[in-house]
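Counting convention: from 1, in listed order, for ligands and their atoms alike.
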Amino acid sequence: MSDQQNNEKKLAGQAAADLVQDGMLVGLGTGSTVNFFLHSLGNRVKKGLKIKGLPTSERTAALCHELGIELTDFASVDKLDMAIDGADEIDGDFQMIKGGGGALLREKIVASAADHVVIMVDGSKRVETLGQFPLPVEIVKFGHQQAERRVQELGIPYAMRLVDGEPYVTDNGNYILDCQMDSIIAPAAMHDQLNSITGVVDNGLFIDLCHTLVVATGDKVEVLPKG
Ligand code: 5RP
């Protein structure tokens, strides 16, 4: 990651932390931009901000513990006031690819429970057409070869996500196929097609799940409402 991209992630994260208000229940995403956001949020909590966070990964939960951010879970809450997360790609309609960090399923559950979803990105994540970034598809371990065959039948090149030569396992105990689509012309249709494969748990297309985009380009930060 370049210094500029890193700086933009930090600026976007800091700006997003300012959107959190006292008393809110906040969904907390996963990734390097989220880590910057959490540090800023943690500073506000130290100064007296009262919020509860609902984390989308074990990594995010661990960082929240370090930063003193109080956490909750879906056993205790139904709706969230806000969810704040990063993205791998976002287009002009605010449709997204997420899951580069492997947390897509929990991120989608959390975003779907939030009244307002804020996405923070560095300038490189804005695209005209989704698909250059490999689309993550989370599949159950049992019979994963079958789900892979169905993806193959759709003519989609994919690779099993690996860590140290072994399949990457999500926080939910599943595998991820990274699908190289190059250009996703109809994201909603592709979302539904992939999710109709038995064994696919969910995929990283986030359709109509972003209300506000916080984007940093150079030293400039913009907060853009959808539409
Ligand atoms: C994790 C995600 C992240 O939001 C996405 O990968 C962006 O990550 P980063 O902020 O590190 O660029 O979807 O599953």
Pairing donors with acceptors under 3.5 angstrom, does anything connect the side chains of [X] and [Y]?
X: Gln152; Y: Arg149; value: no
X: Ser32; Y: Asn35; value: no
X: Gln180; Y: Asp178; value: no
X: Glu138; Y: Asn203; value: no

If you count the atoms of ligand 1 from 1 in the order shown, which ones are under 4.0 Å from a heavy atom of [X]?
X: Asp85; result: 4 (O)
X: Lys9; result: 9 (P), 10 (O), 11 (O), 12 (O)
X: Gly102; result: 14 (O)
X: Gly86; result: 4 (O)

* To do: Select one of side chain, backbone, both or neither to describe which atoms of Asp122 lie under 4.0 Å from any atom of ligand 1, heavy atoms only.
  =>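 For Asp122, no heavy atom sits under 4.0 Å from ligand 1.
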
* Asked: Backbone, side chain, both or neither: what part of Ala87 comes under 4.0 angstrom of ligand 1, heavy atoms only?
  ->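 The part of Ala87 near ligand 1 is the backbone, not the side chain.
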
* Contact check, side chains of Val214 and Val221, non-hydrogen atoms, under 4.5 Å ->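 In short, these two side chains touch, coming nearer than 4.5 Å.
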
* To do: Determine, for Lys226 against Asp208, whether the closest basic-nitrogen to carboxylate-oxygen distance falls under 4.0 angstrom.
  =>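 Yes, this pair counts.
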
* **SB check Lys125 Glu8 (cutoff 4.0 Å)** => no

* So, does Gly29 sit close enough to ligand 1 that a heavy atom of it is under 4.0 Å from the ligand? -> no

* Please verify whether a non-hydrogen atom of Lys125 lies at under 4.0 Å from ligand 1. =>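 The answer is yes: ligand 1 sits under 4.0 Å from a heavy atom of Lys125.
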
* To do: Kindly check if the number of other-residue, nucleotide or ligand heavy atoms within 6.0 Å of CD (Gln145) is above 12?
  =>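 Above 12, so yes.
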
Nearest to [atom], what protein heavy atom do you find, and at what distance?
atom: atom 6 (O) of ligand 1; result: Asp88 OD1, 2.6 Å
atom: atom 10 (O) of ligand 1; result: Thr33 OG1, 2.6 Å
atom: atom 3 (C) of ligand 1; result: Thr30 O, 3.2 Å
atom: atom 2 (C) of ligand 1; result: Glu107 OE2, 3.3 Å
atom: atom 13 (O) of ligand 1; result: Gly99 N, 2.7 Å

* Asked: Would you call the rings of His144 and Tyr175 parallel, tilted or perpendicular, where under 30° means parallel and over 60° means perpendicular?
  ->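 Judged by the thresholds at 30° and 60°, the geometry between His144 and Tyr175 is perpendicular.
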
* Asked: Looking only at non-hydrogen atoms, which of Gly31, Ala103, Ser32 approaches atom 11 (O) of ligand 1 most closely?
  ->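 Ranked by closest heavy atom to atom 11 (O) of ligand 1, first place is Ser32.
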
